[in-house]
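Data first, discussion second: the structure below is written as structure tokens.
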Amino acid sequence: MDVPVHAVKGIGARAAEQMSLMEIHTVKDLLFYFPFRYEDFSVRRLEEVQHEERVTLQGTVHSYPELRFYGKKKSRLTVRVLVDGFLVQAVFFNQPFLKRQIEVGQNLIFHGKFDRHRLMVNGAIVKTPTSDGSLEPVYPLKGDVKLTSLRKWIAGAFEDYGGEIKELLPASILEKYRLMPRNEACYYLHYPQDMDMFKQAKRRMVYEELLLFQLKMQYFRKRTRESTDGVSKTWNEEQLQNFINELSFSLTNAQHRVLTEILADLYSPYRMNRLLQGDVGSGKTVVAAAALYASVLAGCQGALMVPTEILAEQHTDSLKSLFKDLPVNIGHLSGSSKVKERRETLEKLAAGDIDIIIGTHALIQEGVDFKNLGLVITDEQHRFGVSQRRVLRDKGLKPDVLFMTATPIPRTLAITAFGDMDVSTIDEMPAGRKTIETYWAKPDTLPRVLNFIEKQTKAGHQAYVICPLIEESDKLDVQNAIDLHAHIQEFLPDVKTGLMHGRLPADEKEEIMQQFAENEIQILVSTTVVEVGVNVPNATVMVIYDANRFGLAQLHQLRGRVGRGADQSYCILLADPKSDSGKERMSIMTETNDGFELSQRDLELRGPGDFFGVKQSGLPEMRVADIVEDYRTLEVARQDAAKMIESKAFWNSGVYSALRQALEEEGILNTDKID
Ligand code: ADP
Ligand code: MG
């Protein structure tokens, strides 16, 4: 089976080359190249057929075929056929020769698209019943490989090599879940005799695929946990507790729980590899601060990395104020720092004079040396940090790593994408938060919206107006923000408005944010640079222009900029109700404030590939499984995999040798590289 495809009869060098485009290299690849659908030629009963369905019917020819020619070569042949007591018109295009072949009284099997209202089958073809089942496989094709050839080659591969397909799963599992043997499942996925058989074959292969995938993840997780290259940190518990007690609020139960989980990782000799997820406003920053403080008390440096400079500024400010009475040195490294300033910061870092450094994700990249880096926290990032872990490893650094994300990840995706990580979830909001009221309005209601904003500012509150997003052009976005800002200024001359966009120099951005934070600016007109993390609790209105151009996660993030204080907040989505592109997203936004529910619905709307944005997803490609549809199996496979990896039997017993070998073939068990 592991031989090149041209071992199969009829496959020459050219065909083999074409198939390599489809990632088919060996006979095994060919056997496991599954159809993505089937053509169903089984004869159906008329009453069960839906309108517009492609269907095969059988009946008695009732009238002579009528043939009409039109255009140069086109023809249309109509026959009335008595099917299950109804007269159905079968319409054949461009097959004039049928006139001579079809006779009244004859039994006819024909296939085409059914029109239920007119009792017609359009674009019909005549079928003869096939002996080997009635579902014909249709494969995804590339290059100039033809469907008929591929069908032939796969059939040939089965003839010569089908017997080599070995079972991977232990008998106990097959029995427990009543799964089809592997060779049968593989065969019937190509050639199911009916839909039920197809489902059974698929169920078996889905489980196998997900189990292998989860074994891999669980193995990586175990390896990371057990690689004793982490450092056990110990700190003065009382000092940490004092820090928590001195906060202006008490931690929620959820914050408490996740902090305990994180501290246990810091204390353990293993390296932490943890994801902290919590909806916008759930209070992740203070959890991060407490963890960083524990690390500092243990004599280590900490780094907090964020996606934007604005956020870096803001976190620097909030950490400085959280630690203002404590001997913790906080540093800030930004792309726009002056050369001299930057050099000084770097020197201090290397000397250990800075305890906590804050910067953008580039922080750990170039020439930055630490004296004793113990903890790295990445904020607002759900892009897996695989590359970051690699950078750290390449630098010989082995700190504990915590990823924080406000994009709640549906459980099925979380255990897929982060299967090798530990996950902590803040599933509770600080007390006293009011639900943000969300409205969807037409863009031409802007004047009314501005009047509303004016009222809110008179009551002492502030507002964001997020600008139309235009294609991918930063320049146009900026122009838009400028125009909208001018318009609002003219409309509300007595309200102080500010303008923010990505093209402003860093110090100007910083100043505007500062003014907004201090309520010197009441309305902030901005592009999406304020999307993540920005925290101005006095802001109560978020207006999003052209909201249909944003994805759900982004809208939810933007909405999360308000509702951060005790006052009632509002989110107004301006989107043309006629453009159907955003309809569903707009209504989901008005229906729920819960990030987890929203992300689940987003996932259903878009599918997993799109959820994280294509390439960046880090999601594995699945052959047969669909992690959304098959989430129950995914969960089961995960539990099974975790148990197996932890058991002695998995590593020793012959029962598991085939599974072990499958992992080995993927190069998983013998690699030292864990990113
Ligand atoms: P996010 O999880 O979105 O990063 P933040 O950490 O920015 O949220 O917290 C949002 C706001 O909630 C901040 O103003 C913070 O001070 C406040 N906050 C955090 N934890 C609590 C709490 N337990 N009780 C009250 N307010 C809190
Ligand atoms: Mg945050």
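Heavy-atom basis, side chains included; hydrogens, waters and symmetry copies ignored. Order of appearance sets the numbers: ligands from 1, and atoms from 1 within every ligand.
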For [X], atoms of ligand 1 separated by under 4.0 Å from a heavy atom:
X    : result
V280 : 3 (O)
L251 : 23 (N)
T285 : 4 (O), 5 (P), 6 (O), 7 (O)
T252 : 23 (N)
G283 : 1 (P), 2 (O), 5 (P), 6 (O), 8 (O), 9 (O), 19 (C)
S282 : 2 (O), 8 (O)
N535 : 13 (C), 14 (O)

Salt bridge R274-D265, side-chain N to carboxylate O under 4.0 Å |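 Between D265 and R274 there is a salt bridge, with a charged N closer than 4.0 Å to a carboxylate O.
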Is the closest basic N to carboxylate O distance between K496 and E520 below 4.0 Å?
->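 Looking at E520 together with K496, the answer is no, because their closest N to O distance does not fall below 4.0 Å.
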Examine G278 against ligand 1 and note whether any of their N/O atoms are separated by less than 3.5 Å.
->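 Looking only at distances, the answer is no, because the N/O contact criterion of under 3.5 Å is not met.
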How are the rings of Y570 and Y439 set relative to one another: parallel (under 30°), tilted (30 to 60°) or perpendicular (over 60°)?
->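 Parallel.
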Please work out whether the ring planes of F243 and F323 are parallel, tilted or perpendicular, with thresholds of 30° and 60°.
->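 Rings of F243 and F323: parallel, as their planes differ by under 30°.
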In this structure, does ligand 1 have an atom that sits under 4.0 Å from one of the heavy atoms of [X]?
X    : result
R433 : yes
G281 : yes
G560 : no

Under 4.0 Å, heavy-atom basis, I'd like to know which part of [X] is in contact with ligand 1: side chain, backbone, both or neither.
X    : result
Q277 : neither
S250 : backbone
M404 : neither

Between A291 and I262, what is the shortest heavy-atom contact and its length?
->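 Reported closest heavy-atom pair: CB-CG2, 3.9 Å.
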Nearest heavy atoms of L504 and L499, plus distance in Å |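 In terms of heavy atoms, the two residues are closest at CD1-O, 3.6 Å.
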Is there a donor-acceptor contact under 3.5 Å linking the side chains of N548 and R585?
->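 Not at all, the side chains of N548 and R585 share no donor-acceptor pair under 3.5 Å.
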Is the count of non-hydrogen atoms from other residues, nucleotides or ligands lying under 6.0 Å from E238 atom CD greater than 12?
->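 For E238, atom CD is not crowded (no more than 12 foreign heavy atoms under 6.0 Å).
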